[in-house]
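Heads up, the thing below is written out as structure tokens.
Note that the coordinates shown come from a computational prediction; the quantities given were computed from them, not determined experimentally.
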Amino acid sequence: MSKNRNNGSTTGRNADGTFSPGNPGRPQGARHKVTRAVEELLAGEADALTRKAIDMALEGDSVAMRLCLERIAPTRKDAPVAFELPPMASATDAASAAKAVLSAVSEGVLSPLEATSVMGLVETFRKTLETVELEARVSELEEQLCN
């Protein structure tokens, strides 16, 4: 059986793959030598390569066209959603908001993925309201104890 070359004594790693004491690994932001070599080769060619891709796209090359269009108008990662959400003035109002989100999904107004995002916002707001309420209660109790 051959020696494990990935975690041997020459790599500075322990048997479990973690760095051994005194070996911090590569510095943060360090680049692989192949990546650096490719960047050096392309350094002065960015304008020419971009012009060539545009020319190819204009000549009808569908791959070049898609590449150019993806840079001009990238696909949206997120879109606004509009539906009725009851106001939230206290942490208990989050239950009503969650019910409204669930109803919007069941009616097809929101997708499950959109609902998940909205529920994350509702939950964060609920936690904020709850924290404010608890802080007020603690302050009130402290005042009662001090008086």
Side-chain angles (χ1 to χ4, degrees), residues 4 6-7 11-147:
N4 184 351
N6 291 334
N7 295 328
T11 65
R13 291 183 181 253
N14 297 324
D16 64 356
T18 59
F19 288 112
S20 58
N23 181 4
R26 280 192 193 157
Q28 190 172 7
R31 314 274 291 251
H32 191 275
K33 63 183 176 183
V34 173
T35 302
R36 288 194 317 262
V38 168
E39 286 174 347
E40 287 175 25
L41 284 172
L42 295 175
E45 304 298 329
D47 291 338
L49 288 169
T50 303
R51 181 77 255 159
K52 181 66 175 177
I54 292 169
D55 291 343
M56 290 172 67
L58 292 172
E59 291 171 3
D61 185 321
S62 62
V63 174
M65 211 177 294
R66 186 175 64 235
L67 178 72
C68 291
L69 286 174
E70 285 174 351
R71 299 309 182 270
I72 293 168
T75 54
R76 287 184 75 156
K77 302 270 191 271
D78 197 8
V81 294
F83 70 103
E84 280 295 316
L85 188 65
M88 289 179 44
S90 69
T92 56
D93 291 339
S96 298
K99 186 176 178 181
V101 171
L102 188 58
S103 293
V105 171
S106 68
E107 294 166 5
V109 175
L110 289 180
S111 73
L113 187 58
E114 291 169 331
T116 301
S117 295
V118 172
M119 278 306 299
L121 295 171
V122 168
E123 177 62 11
T124 300
F125 191 63
R126 182 200 63 80
K127 286 180 181 178
T128 302
L129 291 172
E130 189 176 70
T131 302
V132 169
E133 288 175 10
L134 287 172
E135 186 178 332
R137 291 170 62 187
V138 167
S139 293
E140 187 179 316
L141 286 171
E142 286 175 345
E143 279 184 33
Q144 288 176 1
L145 288 174
C146 291
N147 293 332

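Met88 CE to Ser96 OG: the interatomic distance, rounded to the nearest 0.5 Å, is 9.0 Å. Note that the CD atom of Glu133 and the OG1 atom of Thr128 stand 11.0 Å from one another [nearest 0.5 Å]. The distance from the SG atom of Cys68 to the CG atom of Leu58 is 7.5 Å, given to the nearest 0.5 Å. The line from CZ of Arg126 to OG1 of Thr124 is 9.5 Å long, rounded to the nearest 0.5 Å. The structure places CG of Leu102 at 10.0 Å from CD of Glu107, a figure rounded to the nearest 0.5 Å. Rounding to the nearest 0.5 Å places CG of Leu67 at 9.5 Å from CD1 of Ile72.
Here the side chain of Glu114 pairs a donor or acceptor atom with the backbone of Ser111 at under 3.5 angstrom.
Across every non-hydrogen atom of Phe83 and Ala104, the tightest pair is CD1-CB, 3.9 Å. Pairing each heavy atom of Ser103 with each of Ser106, the nearest pair is O-OG, 2.9 Å. Shortest non-hydrogen contact noted between Ala115 and Val105 is CB-CG2, 3.2 Å. Closest of all the heavy-atom pairs between Ala100 and Leu85 is CB-CD1, 4.2 Å. Across all their heavy atoms, Val122 and Ala97 have their closest contact at CG1-CB, 3.9 Å. Residues Ala53 and Ala64 come closest through the heavy atom pair O-CB, 3.6 Å.
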Test side-chain contact (heavy atoms from CB on, under 4.5 Å) on Ser62 and Arg66; report intermediate values, then the result. CA-CA 6 Å; Ser62 62; Arg66 186 175 64 235; 5.8 Å; no

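For the pair Glu140/Gln144, a side-chain contact is recorded, criterion being any heavy-atom separation below 4.5 Å from C-beta on. Counting only heavy atoms from C-beta outward, the side chains of Met65 and Asp61 never approach each other to under 4.5 Å.
Salt-bridge check for Lys127 with Glu130: failed, with every basic side-chain N at 4.0 Å or more from each acidic carboxylate O. Checked for salt-bridge contact, Asp55 and Arg51 meet the test: a charged N lies under 4.0 Å from a carboxylate O.
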